[in-house]
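Whatever order the structure lists ligands and atoms in, that order sets their numbers, starting from 1.
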Amino acid sequence: MMTANEIRESYKRFFEEHGHLIVPSAPMVIKDDPTLMFTNAGMNQFKDIILGHTEPKCRRMTDSQKCLRVSGKHNDLEEVGHDTYHHTMFEMLGNWSFGDYFKKEAIAFAWEYLTEVVKIDKDKLYVTVFGGDESDQQGPDMEAYDFWKAHIDESRIIYGNKKDNFWEMGETGPCGPCSEIHIDLRDAQRRAQISGRELVNKDDPEVIEIWNLVFIQYNRLANGSLVELPEKHVDTGMGFERLCRALQGKTSNYDTDVFQPLIQELAKMSGIAYGKDKKCDIAMRVIADHCRAVSFAISDGQLPSNNGAGYVIRRVLRRAIRYGFTFLHFEAPFVYKLLPILVEQMQHNFPEIKTQQELVGKVIYEEETAFLRTLAQGIRRFEAYIEQNQGVHTIDGGFAFELFDTYGFPIDLTREIAGAAGHSVDMDAFDAAMEAQRERARATANRDAWGKANNVWVALSDGLPATEFDGYDHDELTGCEVVAIVRDGESVREAKTGDQVEIVLDRTPFYGEMGGQVGDTGIVGPARVTNTLHHEGGLVGHVAEVTDGAVSVGDRVTAVVD
Ligand code: SER
């Protein structure tokens, strides 16, 4: 049986033999494209070539691209872990023709690789071609149909709609009709009962798409119209983890050697075997998947944070932590412990994961520590509530909302914990509290710790750069400069003992309140910090009472998180 690493190599070699230049994966994090946060397809790095803005180094290329689908047009997050074949981060094996070969050769290459190189049984394969779309004034892709006919029986060629057979990178950008290859991985008996043809694109977990051949010939403009590109291109993408599953004869991507080493480590760490309990299995799959996504994002320079791409990564990591905490009973950081296994598996094709290993491990560990602390506080709050409300079997929705709002407990987690203790949650009241908070948020947008309209922050952000967050390596920073002090909604130069203020530093180790997570508390110079808030322009305010002496703008102070 071929290992995952051998399968990846065989793909790249096959296309190299057919004149393709092997190129490295582009970073998964995209910094210079306002339409995309993360690489969601192998072709992203070639967008400028496809649009005719740059010349390619070679007209044929191939690679294995690390992709992330957790936001935007292609978003698989909620499925991940619950089914057997969706992932946040996955590898896309691709071959490209930039103005070189088109449909005929792309189809012939794909067929030869699948049926002759890795020897997939032809009887398990089906293909789809674009059936046309009136709104775009496009007819069916008869060319692709006819090229397929040379390889596969017509009963295995299926017309598909625009959703499945017209590929678009995003709302705008390169696009064109596509032809997908689907594989039927059911056992012979079930295949004899119902034809795989009936199950293509029907969400059957065993009849799945493995390869998408896109024939790019248009650019979709912001007004929705299609413009012909100067040249025609081929962009193919094959799900590497799905191919591994097919070639290794497994019923789940998670049973391949891509995921099993991570899952087995989780089983060892938790003392719970994989495959014994549905919920624990889902948790292990979620963690194995998310650990990859987060590690690769950080190694590409995207740290978890409170906004934009950083917030997406923080959410993914917190989802993993919550699953581990709830179902595998991990109370101390655990995700970072998987990193050495991941590095071992992936460093051959993605050397950056090895060179960044130390940073990635540290960042994940810090995030886990902070979030587990919040979760633990929430659990204690929950236990106190149960203690105080003996005999009550329905948890007050307002209280469930407090857990969500203050401790970052998603309602599912609260219901889970409540259920385990024999309680239910008043969901109507929870929904009402959530709606009321949305109303409040709308009404008080742009207010500060004193509830005053925050024009002061707008004004401050004009002259000050965003506060730099520097809390990954330390809970304590010395020599931070006080760049602003806000008291009663006004910017002041100095604050004295007893004053309630917000202190802004040039850099801080404090995490700010966001997305239900409470802000950090601690000490800043002579002041006691009770919360940390985000403001206009990335400024961070340390809500504090000066307890001992005075603090002035320009002072250098020490900041220590509790
Ligand atoms: N761009 C296509 C996809 O993502 C093929 O690579 O499916």
Side-chain angles (χ1 to χ4, degrees), residues 8 11-12 14-15 20 22-28 30 33 35-51 56 60-77 79 85-98 100-103 105-107 109-111 113-114 126-130 141 144 160-183 200-201 208-220 226 229 232-243 253 293:
R8 190 194 293 110
Y11 179 87
K12 292 197 290 189
F14 173 78
F15 282 98
H20 293 64
I22 299 179
V23 294
S25 169
M28 199 168 75
I30 298 183
D33 185 338
T35 66
L36 274 182
M37 272 191 202
F38 302 104
T39 295
N40 66 6
M43 53 73 67
N44 296 163
Q45 66 164 318
F46 305 117
K47 187 175 154 187
D48 277 348
I49 300 177
I50 291 169
L51 292 176
R60 298 180 178 201
M61 294 195 200
T62 186
D63 72 3
S64 174
Q65 171 68 49
K66 47 191 174 174
C67 298
L68 191 63
R69 291 191 174 176
V70 285
S71 56
K73 183 171 168 66
H74 300 281
N75 182 353
D76 296 330
L77 184 60
E79 268 101 346
Y85 60 107
H86 280 98
H87 305 292
T88 54
M89 183 234 158
F90 61 97
E91 284 180 61
M92 194 180 271
L93 301 171
N95 57 283
W96 286 272
S97 150
F98 303 115
D100 189 33
Y101 61 82
F102 204 45
K103 297 181 186 177
E105 295 84 348
I107 287 171
F109 284 149
W111 192 250
Y113 178 73
L114 290 181
Y126 294 86
V127 301
T128 64
V129 297
F130 182 48
D141 189 352
N161 58 21
K162 178 173 166 184
K163 177 178 148 287
D164 292 320
N165 283 90
F166 193 89
W167 197 85
E168 312 205 29
M169 190 185 87
E171 298 312 323
T172 60
C175 54
C178 61
S179 190
E180 297 174 343
I181 304 175
H182 292 251
I183 185 161
V200 166
N201 274 332
I208 54 176
E209 175 199 343
I210 49 169
W211 203 343
N212 190 10
L213 316 181
V214 186
F215 311 118
I216 295 191
Q217 57 192 100
Y218 303 108
N219 185 17
R220 170 91 63 192
L226 294 176
L229 290 169
K232 293 176 178 168
H233 313 280
V234 170
D235 152 30
T236 90
M238 173 145 61
F240 172 64
E241 297 76 12
R242 293 182 182 187
L243 179 65
N253 292 8

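Of all atoms in ligand 1, listed by their number and element, those nearer than 4.0 Å to a heavy atom of Gly237 are 5 (C), 6 (O). Numbered from 1 in the order shown, with element, the atoms of ligand 1 that lie under 4.0 Å from a heavy atom of Ala41 read 1 (N), 4 (O). Near Met92, meaning under 4.0 Å from any of its heavy atoms, are these atoms of ligand 1: 3 (C), 4 (O), 6 (O). Close contacts of ligand 1 with Thr236, meaning ligand atoms under 4.0 Å from a residue heavy atom, involve 5 (C), 6 (O).
Between Gln217 and Pro177 the shortest side-chain heavy-atom distance falls below 4.5 Å. At a threshold of 4.5 Å between non-hydrogen side-chain atoms, the residues Asp164 and Thr128 do not count as touching. Proximity of Leu213 to Phe109: side-chain heavy atoms (C-beta onward) are nowhere separated by under 4.5 Å. Asp235 is listed as a side-chain neighbour of Trp167, based on a closest heavy-atom distance under 4.5 Å. In this structure, the side chains of Met61 and Pro56 come closer than 4.5 Å at one or more pairs of heavy atoms.
Counting only heavy atoms of the protein, atom 7 (O) of ligand 1 lies nearest to Asn212 ND2, 3.1 Å. Among all non-hydrogen protein atoms, the one lying nearest atom 1 (N) of ligand 1 is Asp235 OD2, 2.7 Å.
Neither the backbone nor the side chain of Leu213 has a heavy atom within less than 4.0 Å of ligand 1. With a 4.0 Å heavy-atom cut-off, ligand 1 is reached by the side chain of Val214 but not by its N, CA, C or O.
For ligand 1, the polar-atom distance check against Gly42 finds no nitrogen or oxygen pair separated by under 3.5 Å.
Figure legend: cation-pi geometry between Arg8 and Phe240, with NZ or CZ positioned under 6.0 Å from the six-membered ring centre and within 45° of its axis.
If you check each of Met238, Gln65, Arg69, Met43 against atom 4 (O) of ligand 1, the one with the closest non-hydrogen atom is Arg69.
Side-chain contact annotation: Thr236 with Asn95, donor-acceptor N/O pair under 3.5 Å present.
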